[in-house]
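What follows is one structure encoded as structure tokens, with my remarks underneath.
Values below: all heavy atoms of this structure, side chains included; hydrogens, waters and symmetry mates excluded. Residue numbers start from 1 in every chain, and the chains themselves are labelled A, B, ... in the order their sequence lines are given, proteins ahead of strands.
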Amino acid sequence: GAGVSQSPSNKVTEKGKDVELRCDPISGHTALYWYRQRLGQGLEFLIYFQGNSAPDKSGLPSDRFSAERTGESVSTLTIQRTQQEDSAVYLCASSSRGGGNYNEQFFGPGTRLTVL
Amino acid sequence: AQSVTQLDSQVPVFEEAPVELRCNYSSSVSVYLFWYVQYPNQGLQLLLKYLSGSTLVESINGFEAEFNKSQTSFHLRKPSVHISDTAEYFCAVLPYNQGGKLIFGQGTELSVKP
């Protein structure tokens with residue numbers, strides 16, 4: 001079946017504007033993750049959704065960042081009043097189940113965000 | 001808290017030479033260990049993983065990694081690299097029972113030259 005998809009693939013915006021990034025997980029995957037990859041750095045965890053449980057927002061860097069998920073499907077990451085340091089590749093991943101036991105995370109191609 | 005350190009940001013190597021990409025981690029709880037690979041202009045893919053059992057794990061394309069608990073390391077090796085192995089490699093840990101969020105190292109760019 002189809003993998004994780006993300007849109008847009010590239011987004012260029014001006015400082016101070018809001019942006020929305022979309023993630024479509026693999027069908028049937030209940031867990032969804034957002035990560036950020038800044039230039040020359042590893043991936044940083046942002047937020048995690050598992051079914052109907054409250055999301056783990058512990059990785060969000062500021063209150064300008066928020067994310068929503070509709071049931072067990074699409075997720076949207078919103079960045080308000082973008083800053084230049086928000087420039088990064090934003091990666092989404094999904095897995096069949098989160099929690100303590102291991103379930104492989106499958107990554108999308110990412111959205112490259114450039115804030116001018 | 002957990003952290004992952006990849007000691008080399010760039011590793012240039014000639015084709016058919018051996019390579020080792022180093023990874024050390026720090027964690028107060030038990031973790032699963034992973035290597036991910038990101039080929040140019042492609043998404044992140046799982047290369048291999050250690051969950052339990054034998055401390056030596058292998059991938060289908062000739063890479064292997066060994067979990068060393070006493071040294072808290074999970075170095076990645078390949079005895080003979082190919083041009084097609086050129087990519088960025090990320091080491092990651094997944095703490096037990098903490099919701100599934102991966103903690104990544106900074107990445108190592110492997111560049112294989114003819």
Practice item. Look at the side-chain heavy atoms of Ile, Leu, Val, Met, Phe, Trp and Tyr, link any pair under 4.5 Å apart, and say whether B:Leu47 and B:Phe104 land in one connected group. Key: no
Review point. Transitively linked via ILVMFWY side-chain contacts under 4.5 Å: A:Ile26 with A:Leu91?
Key: no
Review point. Going hydrophobic residue to hydrophobic residue with side-chain gaps under 4.5 angstrom, can you get from B:Ile83 over to B:Val11?
Key: yes
Exercise for review: Would you mind checking which part of B:Gln42 comes under 4.5 Å of any heavy atom in chain A, side chain (CB onward), backbone (N, CA, C, O), both or neither?
Suggested key: neither
Exercise for review: Please name the pair of heavy atoms, one in A:Phe107 and one in B:Leu44, separated by the smallest distance, quoted to 0.1 Å.
Suggested key: CB-O, 3.7 Å
**Study point:** Contacting moiety of B:Leu102, where chain A heavy atoms sit under 4.5 Å
**Key:** both
Point to revise | Flag if over 12 foreign heavy atoms under 6.0 Å of CD, B:Glu15 | key: yes
Study note, to complete from the structure: Heavy-atom nearest pair, A:Gln41 first then B:Phe90, reads O-CE2, 4.2 Å
Review point. Within a strict 4.5 Å, meaning less than it, do heavy atoms of the A:Ser58 and B:Lys101 side chains meet?
Key: yes
Check your understanding: In terms of hydrophobic clusters joined by side-chain contacts under 4.5 Å, are A:Trp34 and A:Phe65 together?
Key -> yes
Exercise for review: Give, as side chain, backbone, both or neither, the part of A:Tyr35 having an atom under 4.5 angstrom from any heavy atom of chain B.
Suggested key: side chain
Review point. Where on A:Gln37 is there a heavy atom nearer than 4.5 Å to chain B: the side chain, the backbone, both, or neither?
Key: side chain
Review point. Pick from B:Ile103, B:Leu46, B:Asn41: which one has the most heavy-atom pairs with chain A under 4.5 Å?
Key: B:Leu46
Review point. Same cluster for B:Val4 and B:Val37 if Ile/Leu/Val/Met/Phe/Trp/Tyr side chains link at under 4.5 Å?
Key: yes
